Structure formats: structure tokens, C-alpha cells
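Down below is the structure, laid out as C-alpha cells.
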Amino acid sequence: MSRVFNFSAGPAALPTEVLEQAQAEMLDWNGSGMSVMEMSHRGKDYMSIAAKAEADLRELMNIPDNYKVLFVQGGASSQFAMVPINLLNGKKSADYLLTGQWSKKAVAEAKRYCDVNLVADTTDSKFTTVPDEAGLNFDPDAAYVHYTPNETIVGVEFDYVPDTGDVPLVADMSSTILSRAIDVSKFGVIYAGAQKNIGPAGLTIVIVREDLIGNADPNMPVMFDYKTFSENESMYNTPPTYCWYLAGLVFAWGLKQGGMSAIEAVNKRKAEKLYQAIDDSAFYSNPVELNCRSWMNVPFILENADLDAAFIEQAAAKGLMTLKGHRSVGGMRASIYNAMPEAGVDALIAFMQDFDKANT
Ligand SMILES: *Cc1c(COP(=O)(O)O)cnc(C)c1O
């Protein structure tokens with residue numbers, strides 16, 4: 001067996017130890033004689049798996065007691081609708097920060113439910129910046145403020161958490177959750193599709209302050225109401241049981257790494273050395289402003305785009321996979337989520353330097 005270094009933006013690499021544990025438990029989980037996939041979600045075994053996953057996530061992120069953790073389906077994209085459905089609570093408008101392709105989709109969806117007030121719009125920079133914190137003018141009557149702390153496509157990450165006063169702050173953390181320590185109490189809602197830093201696709205984590213639950217528009221589907229999940233331990237219907245189990249293995253793995261501060265230190269180092277290698281060369285470049293370069297998604301352009309195909313092919317021959325950039329940006333993108341070992345970043349940098357030498 002040989003595992004490559006997989007730089008996919010999502011679904012993304014999972015820790016090898018996690019996959020090995022899942023493999024070892026595949027046919028017989030803990031003496032139960034069955035796979036986790038085959039268990040009733042209401043049975044004692046599965047309930048213990050689900051509860052441990054939540055407890056480990058709470059410990060990892062230091063989630064305060066007045067927040068619920070919901071395990072839902074529909075991806076981050078369903079949260080683009082669930083957020084206004086649950087948080088408008090009679091109000092007419094919400095504030096949005098438009099900083100990339102994902103927040104653009106969130107804005108488009110919210111417009112179906114309310115007036116969207118764009119507090120920031122970085123379209124003119126081709127989404128290579130974050131707005132200046134001092135220039136943000138929030139509407140005190142807005143139902144909530146929504147932003148995307150890490151924009152996965154261009155690789156732009158906020159270097160601050162907006163201060164929205166009493167207005168709940170909502171964050172699409174799909175591609176940054178668990179990458180660094182955060183203060184959950186600053187947020188009203190945090191949501192994330194699992195397939196970047198949590199587990200397989202099919203699960204979405206929603207961390208929501210309790211007072212924001214129970215105000216959903218009653219005309220909306222029951223499955224779009226946070227209360228349906230919070231009142232039923234996310235088991236009103238059959239949850240994505242296997243994804244939840246795997247996410248639990250990833251949370252336990254995160255604790256074993258030493259928790260968020262240890263994970264954060266590794267991620268910072270990985271990102272810094274990759275950006276350093278890009279900046280040190282005349283052959284590669286990254287368009288994002290220095291203060292807001294993403295730790296998780298690192299796009300880079302080759303000076304000569306005619307060499308893109310050769311780069312991809314030769315990288316793949318060295319086991320460095322899925323480096324092709326998003327179609328809207330071109331060039332390359334290395335996604336270096338938690339499961340990407342530092343050795344993978346080192347191998348990528350060494351290859352980039354060799355490729356540069358061979359072609360200049
Ligand atoms: C991947 C991603 C999404 C989309 O997630 P789905 O689970 O596919 O709906 C949304 N926002 C961000 C920031 C992402 O990285």
C-alpha cells in the first residue's frame with residue numbers, strides 16, 4: 001500500500017491513523033459483531049459513539065455550555081438557507097461580508113429570505129483581500145452578520161474576528177474549523193461542511209448559541225429548523241451515522257495531537273514555509289495580501305502558465321496529488337488541512353524548487 005500526499009481542497013485527506021482505525025473496526029466495532037454502518041442510531045453502541053464525538057469536539061474547541069452542537073446534513077450550502085430561516089426572527093435584513101465565491105453563494109441564498117446589506121465587498125480586488133476592520137459599519141438592527149473566515153478558492157483568511165456588538169456573528173468555517181484555536185463565545189453560529197477538516201462529506205457541524213434556537217420561520221421545513229436537531233440530539237431522523245463516527249475519530253485524533261494549540265502551531269509552520277518558498281522564487285507567485293493569506297488553502301501561479309500541465313504531471317509522479325488550481329483562478333492550489341503532514345509540505349516545496357531549477 002502506498003499513500004500519496006493529497007492536496008485536495010475537499011473532500012480532503014483524512015489522517016492515516018483515523019482510516020486505519022476505521023479499517024480495523026470495519027467488520028466488528030468494539031465486540032459488537034457489526035460495522036458502525038450497520039448499527040441502529042438509537043442503540044446503546046451508536047449512542048456512545050455519537051456522544052463521545054460531541055464531547056471530544058467540545059473539548060477540542062472549548063465550546064461553552066450555552067452552545068449546542070448539531071450534526072446535520074445538506075452541507076454548508078444548506079446553512080446558507082438555514083441561517084436566515086432560523087435567525088431572522090421577524091427582522092427584515094442581515095449584514096453580509098462578501099469576500100469570495102463562498103460568501104457570494106451565501107449572499108445569493110440569503111436574498112431569497114431577507115434584504116442583504118453588504119457591509120464589505122472585495123470583488124474589485126478579485127477577492128485577494130479582507131476588508132479593513134475599522135471600515136466595517138454594521139447595522140445595529142440587522143438580524144445577524146454573516147462572513148466566511150476562510151475563502152477556500154482564492155485562499156483568503158481573516159486575520160481578525162469582526163466585532164459585531166450585540167448582533168450575532170455567523171461564520172462559515174468550512175475550510176478553517178479546527179485549524180487554529182478560536183473563542184467560540186464570540187460567535188452566534190459557526191457551521192462547517194465536514195469534508196475539509198472534519199471527516200467525510202455528508203455531515204455538517206453547526207455550533208449555535210442556545211438563545212438563537214427556537215425562532216425559525218414556522219412555514220419552513222422541519223428539517224431546516226435548528227430546534228428539530230437540538231431537541232432530538234440530532235436524531236429526529238436518521239443522521240449520517242458513519243460520517244459522524246469518522247468525525248469522532250478525527251476529533252479524538254486532534255486531542256491526541258495535543259489539542260488546538262499544538263495543531264495551530266503545526267499549521268502555522270506549514271503555511272509559513274510554503275508561502276516563503278513561493279515568495280523566495282521568481283517562478284511562483286501568490287496574489288493574496290500578506291496579512292490575509294490562508295493557512296489552509298495556498299494557491300500559486302506559475303510565471304509561465306504553459307508549464308502548468310508539466311508541473312501537475314511531474315508532481316503526481318512524485319506522489320503529490322490534486323494540485324490543480326480552481327478553474328476560476330488557474331495555476332495551482334495546495335490545500336494543507338490538518339491531515340496533511342508537515343512532510344507533505346516539505347516534499348511539495350522540494351519538488352517546486354527542483355521544477356523551478358529545471359525550467360529556468
Ligand atoms: C466547501 C465549502 C462550502 C460548500 O460546502 P458543501 O458542504 O459542499 O455545501 C461552503 N463554504 C466554504 C467556505 C467551503 O469551503
Side-chain angles (χ1 to χ4, degrees), residues 6-14 70-85 96-112 116 120 122-123 127-131 144-159 161-162 169-180 182 187 189-207 223-224 229 234 239-240 242-244 246-247 250 267 271 288 292-299 322 324-329 333-340:
N6 175 9
F7 294 90
S8 171
L14 286 162
L70 313 180
F71 294 79
V72 310
Q73 300 188 51
S77 301
S78 291
Q79 294 308 309
F80 298 165
M82 278 177 91
V83 165
I85 286 171
Y96 276 73
L97 278 61
L98 174 52
T99 56
Q101 302 295 344
W102 288 115
S103 44
K104 196 173 184 172
K105 285 193 160 172
V107 164
E109 187 71 12
K111 281 183 175 166
R112 296 156 58 98
V116 168
T122 62
T123 307
F127 298 134
T128 58
T129 58
V130 296
Y144 59 89
V145 178
H146 180 283
Y147 85 122
T148 310
N150 185 70
E151 286 280 3
T152 320
I153 291 176
V154 175
V156 161
E157 186 157 20
F158 279 74
D159 57 342
V161 176
L169 178 61
V170 179
D172 173 2
M173 290 206 185
S174 295
S175 51
T176 183
I177 193 166
L178 300 180
S179 69
R180 60 175 83 194
I182 57 158
F187 298 87
V189 179
I190 291 168
Y191 65 87
Q195 67 273 21
K196 280 69 183 247
N197 235 352
I198 292 175
L203 171 70
T204 312
I205 299 288
V206 181
I207 301 166
M223 287 299 288
F224 272 60
F229 292 85
S234 301
Y242 198 75
C243 295
W244 189 333
L246 269 179
V250 171
N267 284 333
V288 177
C292 53
R293 285 171 157 186
S294 168
W295 285 9
M296 294 286 102
N297 311 100
V298 183
T322 338
K324 194 170 167 27
H326 190 272
R327 59 191 183 278
S328 68
V329 180
R333 175 175 51 171
S335 292
I336 51 174
Y337 299 114
N338 293 352
M340 173 58 63

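Owing to the predicted nature of the structure, the values given are computational and were not obtained by experimental measurement. We count ligands from 1, going down the list as the structure has it; atoms in each ligand are counted the same way.
- A heavy-atom separation below 4.0 Å is found between Gln195 and ligand 1.
- Considering all non-hydrogen atoms of both residues, Tyr144 and Tyr96 come closest at OH-OH, 2.7 Å.
- Counting heavy atoms from C-beta outward, Trp244 and Pro239 have side chains that approach closer than 4.5 Å.
- For Asn150, the heavy-atom gap to ligand 1 drops under 4.0 angstrom.
- Looking at atom 9 (O) of ligand 1, its nearest protein heavy atom turns out to be Ser77 OG, 2.6 Å.
- For atom 11 (N) of ligand 1, the closest heavy atom belonging to the protein is Asp172 OD2, 2.6 Å.
- For the salt bridge (charged side-chain N to carboxylate O under 4.0 Å, His left out) test, no residue two or more places apart in sequence or in another chain qualifies with Glu151.
- Without hydrogens or angle criteria, Ser174 side chain to Gly193 main chain gives a donor-acceptor distance under 3.5 Å.
- What you find for Thr99 and Thr122 is that their closest heavy atoms are CA-OG1, 3.3 Å.
- Those atoms of ligand 1 with a heavy atom of Thr152 less than 4.0 angstrom away are 12 (C), 13 (C), 14 (C), 15 (O).
- Within ligand 1, the atoms closer than 4.0 Å to a non-hydrogen atom of Thr148 are 13 (C), numbered from 1 in the order shown.
- The distance from ligand 1 to the heavy atoms of Ser175 drops below 4.0 Å at these ligand atoms: 13 (C), 15 (O).
- In terms of protein heavy atoms, atom 1 (C) of ligand 1 is closest to Lys196 NZ, 1.4 Å.
- Aromatic ring orientation, Tyr191 versus His146: tilted (interplanar angle from 30° to 60°).
- Atoms of ligand 1 lying under 4.0 Å from any heavy atom of Gly75, numbered from 1 in the order shown and given with element: 7 (O), 9 (O).
- Residues Met173 and Asn150 fail the side-chain proximity criterion, which asks for heavy atoms closer than 4.5 Å.
- For ligand 1, the polar-atom distance check against Ala76 finds a nitrogen or oxygen pair separated by under 3.5 Å.
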